[in-house]
Amino acid sequence: MPTGKVKFYDEDKGFGFIAADDGQEIFLHATALPAGTSSVRPGTKLEFGIADGRRGAQALSVRVLEAPPSVARIQRKSPDDMAVIIEDLVKLLDTVGGAMRRGRYPEKPQGAKIAAMLRRVADDLDA
């Protein structure tokens, strides 16, 4: 099976491209990713099958061989800084929880900000 590295992948759009080891550029759709994988980072080494799609070569049955080293761990905040961030986040979530007990979800812009904050904290903890 051919191999290559992820050149670009947009999780929101659900597609990207692989730079194959033979120099070919291969289209990568989210449906070709392994079960339980919703995204791949640039530089991730993949093994894949190839099919001719409407617009050229397309990856099938992708298997992740090697993920690039995590930059997040190097840029990780100190535990003291994270403790303050988590305490503030708990206060914010407490306020949101109180509103939800009264039958109100947060407004869409506020909900989006809270979700982004939760993802960011989760990424820092998971790094």
Point to revise | Co-membership, hydrophobic cluster, residues Leu89 and Val96, 4.5 Å side-chain | key: yes

Check your understanding: Under a single-linkage definition using a 4.5 Å side-chain heavy-atom cutoff for Ile, Leu, Val, Met, Phe, Trp and Tyr, are Leu92 and Val84 assigned to the same hydrophobic cluster?
Key -> no

Between [X] and [Y], which heavy-atom pair has the shortest distance, and what is it?
X	Y	result
Gly98	Arg102	O-NH1, 3.1 Å
Gly111	Pro106	N-CB, 4.1 Å
Ala32	Ala59	CB-O, 3.4 Å

Which distance, rounded to the nearest 0.5 Å, do you find between the [atom1] of [X] and the [atom2] of [Y]?
X	Y	atom1	atom2	result
Met82	Glu87	CE	CD	11.0 Å
Leu118	Ile114	CG	CD1	7.5 Å
Asp80	Ile85	CG	CD1	11.0 Å
Leu33	Ser39	CG	OG	7.5 Å
Arg63	Thr37	CZ	OG1	12.5 Å
Thr44	Glu66	OG1	CD	9.0 Å

Any heavy-atom pair between the side chains of [Y] and [X] that's under 4.5 Å?
X	Y	answer
Phe48	Ile26	yes
Gln58	Asp52	no
Leu65	Leu46	no
Pro2	Asp21	no
Arg55	Phe27	no
Glu47	Val64	no
Val40	Val62	no

Check your understanding: Is Arg119 salt-bridged to Asp124, going by a charged N under 4.0 Å from an acidic O?
Key -> no

Review point. For the ring pair Phe15 and Tyr9, is the centre-to-centre distance below 6.0 Å?
Key: no

Review point. Around Lys7, counting heavy atoms of other residues, nucleotides and ligands shown, do more than 12 lie under 6.0 Å from its NZ?
Key: no

Practice item. Before giving the answer on side-chain contact (heavy atoms from CB on, under 4.5 Å), spell out for Ile50 and Leu60 the whole-Å C-alpha distance, their side-chain angles and the decisive distance to 0.1 Å. Key: CA-CA 6 Å; Ile50 297 178; Leu60 298 175; over 6 Å; no

